[in-house]
Amino acid sequence: MDKRLISFDFIHNIRSVATYESKILLRSWFFKIFTLLAIGVLSFFNVVSIVIEDGANMWILKAVASNIPYINILLLNTGQAVVAIFLASEFLKRDKQLDTSEVFYVRPLSNAEYVFGKIWGNLRVFFVLSLIVMAITMALNAAAKGTSVDWQAYIIYFFLITVPTLIFIMGLAIFLMLTLKNQAVTFILLLGYIGVTIFYIGDSFYYLFDYMAYSLPLFKSSIVGFGDLGLIVNHRAIYLFLGIGFILYTIGLFRRLPNSAKGHYPWMVMAFLFFGLGAACGYNHVNKTLQQDKHRARYTELNNTYVHTPKMVIDAYKLTVKQFPDSLQATATLVGKPLEAAQTFTFCLNPGLKVTEITQNGTPLSFERKDQILLVDFGKELTPTDSTTFSIVYAGYIDESLCYLDIKDKELREKNTNFLINIGKKYSFMTADYLMVTPETFWYPRPGTAYSNTSPDWQQTYFSQFTLEVEPIKGLKPISQGVVTLDSIQGKYTFTPDYAAQTLSLVIGDYKQKEVMADSVLYSIHYIDGHDYFSAPLDSIKDTLPKLIKNTKQNLERQHKLSYPFKRFSLVEVPGQFKGYARAWTGAQETAQPEMMYIVEKGFNSYSFDIQRRVKNRKRWGNWDGKPISEKEAQIKSFEDFCWLFYRDEGRFDFSEGERGKEQIKSTRNPYFMFPLLYNFRYNIFSPDWPIANRVVEVYLQNKTKDSGWERQINGISNNEKASLLMEHASLNELLGDAKHSELTDNFVTLQGSNIFAEAEINAGVTLFRDSLYRVLERNTFKNVQFEHLLDTLGKIGDSDINSFLATWDKPTPLPRYSITKPEVKHIKNRDGEAFVFSIEISNESDYPGVIHLTIGSRGGPPDPRGESKVILKPNETKRLVSHWERPPSWVSTNTLISQNLPSFIYHPMTKVQKLRNVAMEPEGEYIIQKDFLKLPEGEIIVDNEDSLLFSMSAPEAIGILPKLLDRVEDDSFEYSGISWWGAPLHWTLTTDGTYYGKYIRSAYVIKGGDGSQTATWTVPVPEPGRYEVFFHLKQDYELRWNRNVEAEYEFKVEYNNEIEDAYIDLRKAAIGWEPIGMYDIESDTVKITLSNKCKMRTVTADAVRFVKQ
Amino acid sequence: MSITIKGLNKVYPGGRHALKDVDLEIPTGMFGLLGPNGAGKSTLMRILVALMEPTSGSVDICGYDLMKQRKEVRAILGYLPQDFRFFAKYKTYEFLDYAARLSGMNNTRLRKQAVDEMLENVGLFDVRERYAGKLSGGMKRRLGIAQALIHHPKVIIVDEPTTGLDPEERIRFRNLLSTVSENDTTIILSTHIVGDISSTCNKMALLNQGEVSFVGSPQDMLKHAEGKVWRIKITGDQLHEVDKKYPIIATIPSGTGWEVQVVADEIVGYEAEPFPPNLEHAYVYYMENKLNLWTND
């Protein structure tokens, strides 16, 4: 290496090489076209998405201005990374034209100067292009209305995204070019690398391979900035260091004699030093995630250890909190009563918060701290009648690893993205000018433990009276539950909730408030100073707002039959990274707190919050419909649209595709669903034996036993059905404690809940029984109600010993199975009058009792409360149900709840009504009848795909190693899957649907239409020789509707009498249900029907065959 | 001495011995390196300009050890390679400016001045804005020598510079080099065109099969051939016969037959008269008679 490494000459030479390298790049057509495209495409994107108000108008970009440079730089960066590969390897190729380069090689510049110059020459052109794009973007950003310019973000994203990516990819490209000595191979490798990282690896391996920063949470909040700047910088440093390492290594490898004899060694050493640094950052990155997992596992383990240790019920909390930058200091004074006699009691407090002192009446108490667990020794045994007051002094920060221990690591690590914007996830904030702590963080000591995966006991909460005194950093304003008073001399705020609450949350920031009183409730919006984007677009309805809000409130109350219990309701703006999860054991997410909802900054992730655009759209739609509306009407409608956000149970739906063709869908619960504020924060049903008691009642009221039809269709099996099948093998307690099935907790609870109330519902009537439950609850607002007492009360109403059913929760539930006949409707007119007589027969063909939920509906008119009914069926009992109706029932749905039946929910449309005159009407009622549903008529045989002896399929093809390695093959323990119709499965895949054939399980195998290499075979034993008509069971294939030209034919081979005959079904002409294949004179004792996947349709379905003797 | 080469050897990885114990003393002025194709000239040139490492031996250039002080050596070197093409994307003046910058001419104003002067000197000023790839063959050569001279090097190494040039361009080129060599500069001119050396060099070496087989002035070389060059008048039928016996240097048709020039110690059986030798004759004589390498096949 040269003695004067960083000398004037060094810089001069690098600049000289760079200047001329840049000239070449700038003069290449390839780059010119790329530049034009990049500037053109991104400018167009910006104009459409942020400048033109009638364009795409992307709220996510406008609401959080930093997203504008984020998305632009991210997209440009991808293009540049690809182009850089071409150019980086191109310059080395050019250098291979030796004689030309030699006139430069013989100059006194060093190899390092030359390589650095070359790289810098290319880099700076890209950097300048980035700066130009950024300048144009910034100009368009400034010209856009309704958004601001976050100029800092432009600079930061440039350094976080562009610089490391380009240095890395150029370094890697020239390194590969020098080692492989082949431009084509280098291209293929690098383009492959880009493709694999973007499309295949994605965020796997903790997004370690994400050199283009697609998976990195780079969202910059306008309130707190980046979620985890340390993680981001460390991740980018991996690629920056590796890139520099490659460049240095290239200097060492460069095929030109160095200026001094051993000149390349120092560069090699430095290269390895940088590789080491890159590797260290990579290790640090992975380790950080692994450590988090480790911490989470340790915390859960600790909770498991202490979940059954003595706990207290806290009647009152007095919390005094002082905010510091990056930390808080607090004193919690608790008034508690033991749940059982003991000397030492368990509490849980965030492990980042260190306890310094615990006192009781001024006397220090001894205590032990193990991470989040706080064991307080009261020095003597306390009994449940002893009320004790003690204070805990603590200070520190929030360790987010304690949050959401119940959520699986995979889900926790899932990207939180919205249109390429990777938002990241934070559960708590502590910065110099912002603080946010929710109950999930355990920011104050709470009795018991956090999540345990061995016992559900930890879930139990109780109502307490809270008082919170907050001393924020000067200039900031705290927001919490209750009436707030300000001691302006001391700068302290006191919050006193005028109700008992289970938990308390606190945010502190530079908040401003807008408020309006409506229907005796104070409605507020707490927004960060400068974020009032909503007042102006709603200025015409200022005076109407109270009425609109009142309407919304009353609608919600009507919808849920529950009243809003608080005197205040606030929308509180919080940083964008704030993330809550839907829990299996409660409908409440952390976004919902008593009397408030946390809305991420400006509601950037939902168009519902883009008020201005909504008002414009409303006006535009009015004009389109020929019914122009005024500004005021538009604002009213927009406000109502916005309020709709609080009505919906389900938010967005997430599709995921595992193994090809197998579709999964998960509906995400709407974090702004109002129900928790009406129910969860108001009622607390507790049980020492059943910690899920509150949830049992909650889901029962929401009537969650019905599965969403299309969601089920996509998944192939519903969660209720999965839960039902699992309950056969384990008790409710075992299932609730099994982390493997945590996502089904809600379904276990739902089904078992519906089971215990069934008898009472039948006795009192479903609707009446529910109404009674609402009334009982209303009387117990903000009170801890014991589950068993509640069940006693409800049992009296429904004349049923509901408590006795709880015993069934301790055992696995044997599953009954049912056969259900086609329902019938007869329109009968006779001397006594006129009625629509509905009848259906249901048979329990198992040795276990069961309950079926029946819903009868008709078109038009209000729903008849008699429409909902439940039927209990004893083992091997068959019932005929008859009911009379004034309007013709047009459909009936049967829900077999806990049973072997798949699908459990079947919709039966009733289009045919038999008209009869002067015949007697069968009286209404439930009749026990004798009927063998299973017996087929003489000479009829059906073989279904569920028959493992008589139905078989061809062997599947092998799965590649890479999908296995990348965990793309989903291990689903349930054999039924959803079918993706746009990427049909390559293997025979078992799915269920109400329209398939099946005794209890209506299922079929589905495969992609192909070349005929895959087959399904029904081997049918023929009872006696003779002439048979053979049928195939068909379900409607929706492809026939939209793909009108496709040849729709199934190909069969019928093997009988030692011969094979071809047979076909033209699906376009075929009927739904049993479609004849043909008539056969059969002498052999078996017939083989083989269906091949040779078909032009997207899918081929193998269900059942039926033989009918003629 | 400007350049001292001692015991220089180069063995390529394949085992080919390209240079064998080369010892040379190269003084200031024009030095011609003559030799047939594959003699090792280019290898020697590439070693001298620090593009290649010798297997053994030492080279001292103007007091700098080439093996240890490459930077210093490179600072005083100008080099024009044999097959010289251009990056098509550079303009004529840019190419020269780039070369000047890399040679340490940091002052922008002075460099611009030097570039313009050099363009004037090599007659390329009028095409300074033209892309280098679009220059004619001769212009490219001139640009090539211009880039080698731009930083006023003490040693200039030119490898086969006149190959492919028309006679006028070739003369212009030689004159240019001669002018430069007057400024206390060492110019090593490697060539297989004897005329290049005879008209410009005051010292030369003959390289053959990696070994130096002659060192001296062109006049010394000529002495070897004095009285050994003959003019023979022959008929057309005899041409083939003479060609087999003697190395023919020139064949000129004359009326009824041919007038051929050959080199040989003596001529037997033909009507021959002595002919004053030039360097080309001397080179052929030397190769034929001293080294027994000549072949007309």
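Labels below follow one simple rule: chain letters A, B, ... track the order of the sequence lines, proteins then strands, and each chain is numbered from 1. Note that the coordinates shown come from a computational prediction; the quantities given were computed from them, not determined experimentally.
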**Request:** Apply side chain to side chain contact (heavy atoms under 4.5 Å, CB included) to the pair A/R107 and B/Q147, showing each step before the final yes or no.
**Result:** CA-CA 11 Å; A/R107 309 283 160 183; B/Q147 63 79 27; 2.3 Å; yes

**Request:** Name the region of B/D97, side chain, backbone, both or neither, that has any atom closer than 4.5 Å to a heavy atom of chain A.
**Result:**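 Both backbone and side chain.
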
**Asked** For B/Q69, is it the side chain, the backbone, both, or neither that has a heavy atom closer than 4.5 Å to a heavy atom of chain A?
**Response**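 Backbone of B/Q69 only, per the 4.5 Å heavy-atom cut-off to chain A.
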
**Message:** Can you tell me how the ring of A/Y20 sits relative to the ring of B/Y98, calling it parallel under 30°, perpendicular over 60° and tilted otherwise?
**Reply:**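 Plane angle under 30°, so parallel.
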
Ignoring hydrogens, what is the shortest heavy-atom contact between [X] and [Y]? Give both atom names and the distance.
X	Y	result
B/R111	A/H12	NH1-CE1, 4.3 Å
A/V103	B/Y79	CG1-O, 4.0 Å
B/Y90	A/E21	OH-N, 4.0 Å

Just checking [X]: does its [atom1] atom have more than 12 heavy atoms from other residues, nucleotides or ligands closer to it than 6.0 angstrom?
X	atom1	result
A/F44	CZ	no
A/K32	NZ	yes
B/D184	CG	no
B/K154	NZ	no
A/R124	CZ	yes
A/F30	CZ	yes
B/Y64	OH	no

**chain A interface, residue from B/E53, B/H151, B/K68, B/E94 that has the most non-hydrogen pairs under 4.5 Å** =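 If we count pairs closer than 4.5 Å to chain A, B/E94 comes out on top.
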
**Message:** Under a 4.5 Å cutoff for heavy-atom pairs, which residue among B/L51, B/N106, B/I157, B/I76 has the most contacts with chain A?
**Reply:**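 Looking at each option in turn, the highest pair count goes to B/N106.
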
**Prompt:** Are side-chain heavy atoms of A/L257 and B/R74 found at a separation under 4.5 Å?
**Reply:**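 Counting from C-beta outward, A/L257 and B/R74 do come under 4.5 Å.
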
**Message:** A side-chain contact here means heavy atoms from C-beta on lying under 4.5 Å apart; do B/V49 and A/E102 qualify?
**Reply:**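 B/V49 vs A/E102: side chains apart.
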
**Asked** Short question: side chain of B/R70, backbone of A/P258 - any donor-acceptor pair under 3.5 Å?
**Response**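 Here the side-chain-to-backbone pair exists.
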
